[in-house]
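Proteins get letters first, then strands, A, B, ... in listed order; numbering begins at 1 in each.
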Number of protein chains: 2
Amino acid sequence: MARTPQDVTETELSILNQLWDLESATVRQLVDILHPDGGSSEYATVQKLLERLQSKKYVTRNRDVWPHVFEATVGRDELIGRRLQNTADQLCNGSLQPLITNLVRSKKLSTDELQSLREYLDELDDQNT
Amino acid sequence: MARTPQDVTETELSILNQLWDLESATVRQLVDILHPDGGSSEYATVQKLLERLQSKKYVTRNRDVWPHVFEATVGRDELIGRRLQNTADQLCNGSLQPLITNLVRSKKLSTDELQSLREYLDELDDQNT
DNA sequence: TGCGTTTCAGACATTCTGTCTTTAATCTAG
DNA sequence: CTAGATTAAAGACAGAATGTCTGAAACGCA
């Protein structure tokens, strides 16, 4: 009964992605990008999506200007972090460690990426001393 | 229109979690664990959940024995991997690197965990030489 | 003032999800 | 072998999520 809705839907994400790129945007701007050849119905769709993003606190709307301007309140990094924590909560008792292990062991990282990861760890060490 | 349903629902996950622990189980076993004081309706619910997990290829059902025995076909690690890749696909153009960066930078890892991560990287290095 | 744009409110069809009921099949104890 | 119990199978159901769309009201500007 108590379903847990997605934090952000894929369609909603397509909007967030634009907002991250543009810093801020009006409905019109978003529609022109997402539906270059769209009619008035897609306009309303984007509007509705923004409305929902707003009620989910992922977006703010500035009513002081006209037309209204929208802005993301959550950065891409933060959303990534939430998703990772979600996955950890559901599959690893909340621990993030297994996620890292999984990623490193996945063999999908290039040696360059592994190298830069090591360097990052070194940096952290330096800061801690 | 093309909604993308969750890979595995939270309720479905509660079942998968048991199957991972038990290796295999009958409906009855799962019900007794998940709904110790449940009636016949929860039994049917678990049944339906298993049925759906099966159609999603996350579970197999052995019809040769009676009662039927269910088994997870996907390990916890694999599911973690899929979720991570999903997140990467939706938020990082498919690259896993940003996920690691995010995790390491999240400050939610203990020094012990960071240490063991470093050791793991060392191991990988050894194997590659 | 009139017209085009924007905002707002809400309807709508689908699908998902968890739950439940009912009926048929199967096993087992006596 | 039969009755009682357990399991399997099929499907109904309500509530919510989702993406889309319609229509009317509000607004700014030529």
Side-chain angles (χ1 to χ4, degrees), chain A residues 1-19 24-71 83 86 90, chain B residues 1-19 22 24-71 86 90:
Chain A
M1 206 72 115
R3 230 165 330 157
T4 46
Q6 276 184 307
D7 50 358
V8 173
T9 296
E10 241 178 283
T11 349
E12 288 169 349
L13 197 54
S14 70
I15 290 189
L16 267 190
N17 268 312
Q18 289 311 316
L19 287 178
S24 69
T26 65
V27 179
R28 173 62 51 198
Q29 282 178 283
L30 295 170
V31 172
D32 286 347
I33 294 176
L34 297 169
H35 306 284
D37 53 340
S40 74
S41 62
E42 2 274 303
Y43 187 97
T45 299
V46 171
Q47 234 176 203
K48 179 63 67 181
L49 257 9
L50 280 166
E51 185 185 303
R52 288 179 185 160
L53 278 170
Q54 190 186 2
S55 68
K56 290 182 190 173
K57 309 290 184 188
Y58 284 94
V59 152
T60 56
R61 156 194 235 129
N62 184 355
R63 287 191 145 91
D64 296 335
V65 295
W66 208 92
H68 296 175
V69 168
F70 295 83
E71 212 168 315
R83 298 243 168 145
N86 265 359
Q90 297 195 328
Chain B
M1 205 77 110
R3 233 165 326 158
T4 45
Q6 276 184 303
D7 51 358
V8 172
T9 296
E10 240 177 283
T11 350
E12 289 169 348
L13 197 53
S14 68
I15 290 188
L16 267 190
N17 268 312
Q18 291 309 319
L19 288 178
L22 304 175
S24 70
T26 65
V27 179
R28 172 62 51 197
Q29 282 177 284
L30 295 170
V31 172
D32 286 347
I33 294 176
L34 297 170
H35 307 284
D37 54 339
S40 73
S41 63
E42 2 275 301
Y43 186 96
T45 299
V46 170
Q47 237 177 199
K48 180 63 67 183
L49 258 7
L50 280 166
E51 184 185 301
R52 288 180 185 159
L53 278 170
Q54 190 186 2
S55 70
K56 289 180 190 173
K57 309 289 185 190
Y58 283 95
V59 152
T60 57
R61 156 194 235 129
N62 184 354
R63 286 192 146 91
D64 296 333
V65 294
W66 209 92
H68 295 175
V69 168
F70 296 83
E71 212 168 315
N86 263 1
Q90 296 195 328

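Neither OP1 nor OP2 of C:dG18 sits under 4.0 Å from any side-chain N or O of B:T45. Contact between the side-chain N/O atoms of A:R28 and the OP1/OP2 oxygens of C:dT6 is found at a separation under 4.0 Å. Distances shorter than 4.0 Å separate some side-chain N or O of A:T9 from OP1 or OP2 on D:dG19.
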Could you go over nucleotides 23-28 of chain D and give all protein N or O partners under 3.5 Å, atom names and distances?
none

Under 3.5 Å, which N/O atoms of the protein pair with N/O atoms of nucleotides 2-4 of chain D?
none

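Both B:F70 and A:P5 lie close to DNA chain D; mapped to their nearest nucleotides by heavy-atom distance, the more 5′-ward contact belongs to B:F70. Residues A:S40 and B:T26 both approach DNA chain D. Their nearest nucleotides, taken by heavy-atom distance, put B:T26 toward the 5′ side.
Near DNA chain D, meaning a heavy atom under 4.0 Å away, the residues from residues 53-64 of chain B are B:R61, B:R63.
Distance from the side chain of B:K48 is smallest for D:dG11 among the nucleotides D:dG11, D:dT7, D:dT18. Of the candidates D:dA8, D:dT20, D:dA10, D:dA8 carries the atom nearest the B:V27 side chain, counting heavy atoms from C-beta on. Nearest to the side chain of A:P67, among C:dT6, C:dG18, D:dT20, sits C:dT6. Of the listed nucleotides (C:dT7, C:dC20, D:dG19), D:dG19 has the atom at the smallest distance from the side chain of A:R52.
In this view, A:D32 and A:R28 satisfy the side chain to side chain contact (heavy atoms under 4.5 Å, CB included) rule, not counting sequence neighbours. Considering only residues two or more places apart in sequence or on other chains, B:Q29 meets the side chain to side chain contact (heavy atoms under 4.5 Å, CB included) condition with B:A25, B:T26. Listed by chain and number, the residues in a side chain to side chain contact (heavy atoms under 4.5 Å, CB included) with B:N17 are B:L13, B:W20, B:R76 (sequence neighbours excluded). Under the rule for a salt bridge (charged side-chain N to carboxylate O under 4.0 Å, His left out), the partners of B:E51 that lie at least two apart in sequence or sit in another chain are B:K48. With sequence neighbours left out, A:R83 forms a salt bridge (charged side-chain N to carboxylate O under 4.0 Å, His left out) with A:D7. Annotation: side-chain hydrogen bond (donor to acceptor under 3.5 Å, both in side chains) contacts of B:H68 (sequence neighbours excluded): B:R61. With sequence neighbours left out, the side chain to side chain contact (heavy atoms under 4.5 Å, CB included) criterion links B:T60 to B:E71, B:T73. Under the side-chain hydrogen bond (donor to acceptor under 3.5 Å, both in side chains) criterion, B:Y43 pairs with no residue at all, not counting sequence neighbours. Applying the salt bridge (charged side-chain N to carboxylate O under 4.0 Å, His left out) test to A:E12 and every residue at least two apart in sequence or in another chain returns A:K56.
Within the model, atoms CD1 of B:I15 and CZ of B:R52 stand 10.5 Å from one another, a figure rounded to the nearest 0.5 Å.
The residue A:Y43 sits close to a base: some heavy atom pair falls under 4.0 Å.
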